[in-house]
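All remarks here apply to the structure that follows.
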There are 2 protein chains.
Amino acid sequence: MRIGELAKATGTKAETIRYYEREGILPTADRTDSNYRDYSDNHLAALTFVRRARQLGFSMAQVRELLALSNHEDNPCQDIDRLVQLQLTEVERKIADLMALRDELGQMLRSCQADKIGECQIIGSLGRQSVM
Amino acid sequence: MRIGELAKATGTKAETIRYYEREGILPTADRTDSNYRDYSDNHLAALTFVRRARQLGFSMAQVRELLALSNHEDNPCQDIDRLVQLQLTEVERKIADLMALRDELGQMLRSCQADKIGECQIIGSLGRQSVM
DNA sequence: ATGCACCTTGTAGCAACTACAAGGTCAAGC
DNA sequence: GCTTGACCTTGTAGTTGCTACAAGGTGCAT
């Protein structure tokens with residue numbers, strides 16, 4: 001299959017696929033006589049894996065690790081588990097941060113009853129170290 | 001005060017402060033005879049405002065808007081409220097996304113009882129469109 | 001044969017910093 | 001008076017993960 005088809009099948013832009021190849025995240029594709037990239041089902045599987053991992057918030061470096069680990073079938077699963085656990089912890093930290101942020105923003109909105117900016121609680125609170 | 005002192009006072013790197021000045025986010029500083037930047041309390045307040053807004057997840061463009069609005073004391077508060085509301089909605093969306101992500105990662109960890117990568121559910125699930 | 005969608009490479013741009021490099025300034029200590 | 005070291009200056013390039021061109025080649029239908 002050509003790059004456009006693979007792009008459509010995985011919801012990835014062709015430019016992104018070429019970028020992954022350049023970065024060594026995807027194996028190089030075969031070429032047709034006219035120098036078009038020619039992909040197999042293995043490439044489809046690989047790209048699906050990469051996109052899914054990226055959607056789950058893994059960095060490119062982590063995706064590389066996941067790929068390297070997944071290529072050694074006899075390795076213990078622990079290393080993979082560790083990466084997933086790390087990512088889970090990171091995601092939980094981000095959720096906590098954002099929830100604190102949400103509370104602050106909500107507090108700002110509720111506190112502002114003024115109708116002129118000169119009296120605006122929001123503007124005032126931005127100038128202080130913390131609102132809460 | 002010099003840039004290092006302002007940096008320490010606001011928890012901002014000196015390079016970032018210069019960057020803000022270049023970008024027009026902060027007013028230009030006075031200069032000493034030896035061409036060092038010389039900051040006043042007004043600069044301290046402005047930088048505190050900017051850093052606080054950035055911590056709350058506002059983009060540089062939004063910070064510019066907030067600054068512009070806060071400089072017109074007689075303007076109605078509504079425009080500020082709108083920006084804060086927008087940011088709140090965005091943060092809530094991110095929280096929802098991350099919570100879905102957290103659930104998927106948690107599910108992956110729980111499902112993996114194998115000890116070899118060849119049987120690893122996690123690796124398997126990454127190759128599919130969605131785990132859940 | 002002509003149009004149009006697709007492909008190629010290479011380069012530059014995005015956000016919001018961060019990290020140098022190469023050099024100037026200032027205060028303290030000997 | 002001179003050195004050391006911490007600070008400052010400008011300018012440029014790197015970071016992450018793409019995305020957007022530009023300029024040209026290919027494939028297929030009409």
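Panel note: side chain A:Glu104, backbone B:Leu56; no donor-acceptor pair is recorded below 3.5 Å. Judged by distance alone, the side chain of A:Arg54 and the main-chain N or O of A:Phe58 form a donor-acceptor pair under 3.5 Å. Looking only at distances, a side-chain donor or acceptor of A:Gln87 sits under 3.5 Å from a matching main-chain atom of A:Gly57. Of the possible donor and acceptor atoms, one in the side chain of A:Gln62 sits under 3.5 Å from a partner among the backbone N and O of A:Ser59.
Within residues 82-93 of chain B, no residue has any heavy atom closer than 4.0 Å to DNA chain D. DNA chain D is contacted by B:Arg31, B:Asn35, B:Tyr36, B:Arg37 of residues 24-41 of chain B, taking any non-hydrogen atom closer than 4.0 Å.
Here B:Arg2 does not pair with B:Glu5 in a salt bridge; the nearest charged N to carboxylate O distance is not below 4.0 Å.
Taking 4.0 Å as the cutoff to heavy atoms of chain A, we find the contact window on DNA chain D bounded by D:dG17 to D:dG27.
The phosphate of C:dT18 (OP1 or OP2) has a side-chain N or O of B:Thr16 nearer than 4.0 angstrom. For B:Arg64, no side-chain nitrogen or oxygen approaches OP1 or OP2 of C:dA15 to under 4.0 Å.
For B:Glu21 and C:dT18, the CD to P distance is 17 Å, given to the nearest whole Å. Computed from coordinates, the A:Tyr19 OH to C:dC14 P distance equals 17 Å when rounded to whole Å. The distance between atom CE of B:Met60 and atom P of C:dT18, rounded to the nearest whole Å, is 11 Å. The distance between atom CZ of A:Arg18 and atom C1' of C:dC7, rounded to the nearest whole Å, is 7 Å.
If A:Glu15 and A:Ile3 are placed on DNA chain C by their nearest nucleotide, the residue sitting closer to the 5' end is A:Ile3. Annotation: of the two residues near DNA chain D, B:Lys8 and A:Ser59, the 5′-most nearest-nucleotide partner is B:Lys8. Nucleotides of DNA chain D nearest to A:Ala61 and B:Gly4 differ in position, and the one nearer the 5' end is that of B:Gly4.
No side-chain heavy atom of A:His43 sits under 4.5 Å from any side-chain heavy atom of A:Leu26.
For B:Arg110 and B:Gln107, the side-chain atoms include at least one donor-acceptor pair closer than 3.5 Å. Under the 3.5 Å distance criterion, with hydrogens and angles disregarded, no donor-acceptor pair is assigned to the side chains of A:Arg82 and A:Gln85.
Between atom CD of residue B:Glu65 and atom CG of residue B:Leu67 there is a gap of 10.5 Å, rounded to the nearest 0.5 Å.
Under the 4.5 Å side-chain heavy-atom criterion for grouping Ile, Leu, Val, Met, Phe, Trp and Tyr, A:Ile95 is connected to B:Leu109 within one hydrophobic cluster.
Looking at every heavy atom in both residues, A:Ala7 comes nearest to A:Ala14 through CB-N, 4.0 Å.
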- [ ] Go through the steps to decide whether B:Leu101 and A:Leu88 satisfy the test side chain to side chain contact (heavy atoms under 4.5 Å, CB included), and finish with yes or no.
- [x] CA-CA 8 Å; B:Leu101 223 155; A:Leu88 180 55; over 6 Å; no

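In terms of the side-chain hydrogen bond (donor to acceptor under 3.5 Å, both in side chains) criterion, B:Asp30 has no residue partners (sequence neighbours excluded).
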Side-chain donor-acceptor contacts of residues 15-24 of chain B below 3.5 Å, not counting sequence neighbours, with atom names and distances?
unit_1, atom_1, unit_2, atom_2, d
B:Tyr20, OH, B:Arg51, NH1, 2.8
B:Glu21, OE1, B:Arg37, NE, 3.0

Open item on the list: Let me check I have this right: for DNA chain C, each base becomes ., (, ), [, ] or |, based on Watson-Crick or G-U pairs with both distances under 3.5 Å. What is the full string?
Closed with: ||||||||||||||||||||||||||||||

